[in-house]
Amino acid sequence: MAEDGRKTLVLTGASRGIGHAAVRKFSAEGWRVLTLSRQPFDDNCPWPEGAANHVQVDLADADSLGMAVADIRDRLEEEGGKLHALVNNAGISPKLNGGKRPNSIDTPMQVWRQVFQVNFFAPILLARALLDELKEAQGSIVNITSIAGGRVHPFAGSAYATSKAALASLTREMAADFGPHGIRVNGVAPGEIETSILSPGTEDMIEDIPLGRLGNTMEVADTIFYLCSDKASYVNGAEIHVNGGQHV
Ligand SMILES: NC(=O)c1ccc[n+]([C@@H]2O[C@H](COP(=O)([O-])OP(=O)(O)OC[C@H]3O[C@@H](n4cnc5c(N)ncnc54)[C@H](OP(=O)(O)O)[C@@H]3O)[C@@H](O)[C@H]2O)c1
């Protein structure tokens, strides 16, 4: 733990949606949260030390990511070089004009590459770069996958779906490789959660969700927190579905 007994989380995609809920959850539980997103820190955010703990980064840009890693490692030095959790939450799901899903025939290749950079390569680059700090704390990693990684989804495009399927596979690979270092690696696969990433028409999917409603961001944040807590000390290589039973 940090000098003052606090645990530290590095969280990507912290500025809205599920990431924003995770900041609220971990902060309420007393963690220091280093937040990463493309936007500068929003002064309207109420949590203390928020501005001091924010790292502005474009995960699609290798140079920006490299600079962010150096910055994060410096900031972790202040806490004894320990990182208790890395949550790879940032994700993009590009749409065609008019909101249509880009499929495997019409997705422009540069879009496909950009999606993989943010949704798939950034998580493993961050995890490798922060391995020593995670090892020092015997910490854990949570990768945010998606229900779209396991089935064709009416609104998620092919690049997004394949990046999430790859991330689920990467989670298993990482559980095998990071586990011997004392670092647990798990995934959380949300279904239809009320955030800005959802497309118009998502409400029509509710009839296929056994619990009969969309999920909320705190329900995902609570699951992420569980996986990063000591309560999940023997959970490694799991992917928890948070989707009201939509996958069954
Ligand atoms: N909502 C759902 O129903 C749902 C379902 C399945 C899976 N998921 C997954 O859950 C995660 C969070 O989803 P969400 O709905 O909360 O998404 P969201 O509301 O669209 O937020 C996405 C976050 O990612 C950040 N981000 C995007 N591109 C980035 C980049 N290039 N560099 C750095 N940060 C970037 C955004 O911050 P900036 O714009 O400030 O950069 C934002 O904080 C994603 O991985 C998503 O695929 C969501």
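Counting starts at 1 for both ligands and their atoms, following the listed order.
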Practice task
Scan for side-chain hydrogen bond (donor to acceptor under 3.5 Å, both in side chains) pairs involving residues 102-116, sequence neighbours excluded, and state none if there are none.
Solution key: Trp112-Thr162
Problem - Side chain proximity check, Ile224 to Asp222, heavy atoms < 4.5 angstrom - result: no
Completion exercise
Quick look: Val57 vs ligand 1, heavy-atom contacts under 4.0 Å, and the answer is backbone
Handout entry: Distance from atom 47 (O) of ligand 1 to nearest protein heavy atom, with residue and atom
Key = Tyr160 OH, 2.6 Å
Exercise for the section: Ignoring hydrogens and angles, state whether a donor on the side chain of His153 or Glu192 is under 3.5 Å from an acceptor on the partner side chain. Expected result: yes
Completion exercise
closest protein heavy atom to atom 4 (C) of ligand 1 is Gly191 O, 3.8 Å
Fill in the blank from the handout: Nearest non-hydrogen contact to atom 25 (C) of ligand 1 from the set Ala221, Gly13, Ser196, Gly215 belongs to Gly13
Exercise for the section: Establish, from distance only, whether the side-chain atoms of His54 and Thr35 form a donor-acceptor pair under 3.5 Å. Expected result: yes
Problem - Contact partition for Thr145 relative to ligand 1, non-hydrogen atoms under 4.0 Å - result: backbone
Practice task
For ligand 1, indicate whether the residue Glu194 contacts it via side chain, backbone, both or neither (heavy-atom separation under 4.0 Å).
Solution key: neither
Problem - Part of Asn89 with heavy atoms under 4.0 Å of ligand 1, whether side chain, backbone, both or neither - result: both
Handout entry: Distance-only polar pair, side chains of Thr12 and Asn89, donor-acceptor under 3.5 Å
Key = no
Handout entry: Side-chain donor-acceptor contact under 3.5 Å, Glu194 with Thr217
Key = no
Practice task
Say whether Asp58, considering both its backbone and side-chain N or O atoms, lies within less than 3.5 Å of an N or O atom on ligand 1.
Solution key: yes
Exercise for the section: Number the atoms of ligand 1 from 1 as they appear, then name those within less than 4.0 Å of a heavy atom of Ala60, with their elements. Expected result: 31 (N)
Practice task
Return the residue, atom name and 0.1 Å-rounded distance of the protein heavy atom closest to atom 18 (P) of ligand 1.
Solution key: Arg16 NE, 3.8 Å
Practice task
Give the residue and atom name of whichever protein heavy atom lies nearest to atom 3 (O) of ligand 1, and the separation in Å to one decimal.
Solution key: Ile193 N, 2.8 Å
Exercise for the section: Check ligand 1 against Ile92 and write out every atom of the ligand that is under 4.0 Å from a heavy-atom position of the residue. Expected result: 27 (C), 28 (N)
Exercise for the section: Heavy-atom distances under 4.0 Å are what count here, so tell me which part of Ala14 touches ligand 1: side chain, backbone, both or neither. Expected result: backbone
Practice task
Could you tell me whether the side chains of Gln39 and Gln56 share a donor-acceptor contact shorter than 3.5 Å?
Solution key: no
Practice task
Decide whether an N or O pair under 3.5 Å exists between Leu59 and ligand 1.
Solution key: yes
Exercise for the section: Tell me which protein heavy atom sits closest to atom 16 (O) of ligand 1, plus the residue, atom name and distance to 0.1 Å. Expected result: Ile18 N, 2.8 Å
Handout entry: Heteroatom distance test (Glu192, ligand 1): nitrogen or oxygen, under 3.5 angstrom
Key = no
Problem - Nearest non-hydrogen protein atom, atom 42 (C) of ligand 1 - result: Ser15 OG, 3.5 Å
Practice task
Using a strict cut-off of less than 4.0 Å between a Lys/Arg side-chain nitrogen and an Asp/Glu carboxylate oxygen, indicate whether Arg32 and Glu78 qualify as a salt bridge.
Solution key: yes
Fill in the blank from the handout: A student comparing Arg38, Gln117, Lys164 should find that the heavy atom closest to atom 39 (O) of ligand 1 comes from Arg38
Completion exercise
Among non-hydrogen protein atoms, atom 1 (N) of ligand 1 lies closest to Thr195 OG1, 2.8 Å
Handout entry: Cationic N near anionic O, under 4.0 Å, Arg73 to Glu133
Key = yes
Exercise for the section: Determine, for Arg213 against Glu219, whether the closest basic-nitrogen to carboxylate-oxygen distance falls under 4.0 angstrom. Expected result: yes
Completion exercise
For atom 40 (O) of ligand 1, the closest protein heavy atom turns out to be Gln39 CG, 2.8 Å
Handout entry: Carboxylate-amine/guanidinium proximity below 4.0 Å for Glu29 and Lys231
Key = no
Exercise for the section: Describe, in one word, how the ring planes of Phe225 and Phe26 are oriented to each other, choosing from parallel (under 30°), tilted (30 to 60°) and perpendicular (over 60°). Expected result: perpendicular
Completion exercise
Taking only non-hydrogen atoms of Val118 and a 4.0 Å limit, the atoms of ligand 1 in range are 31 (N)
Practice task
Flag the pair Asp230 and Lys7 as a salt bridge only when some basic side-chain nitrogen lies within less than 4.0 angstrom of an acidic carboxylate oxygen.
Solution key: yes
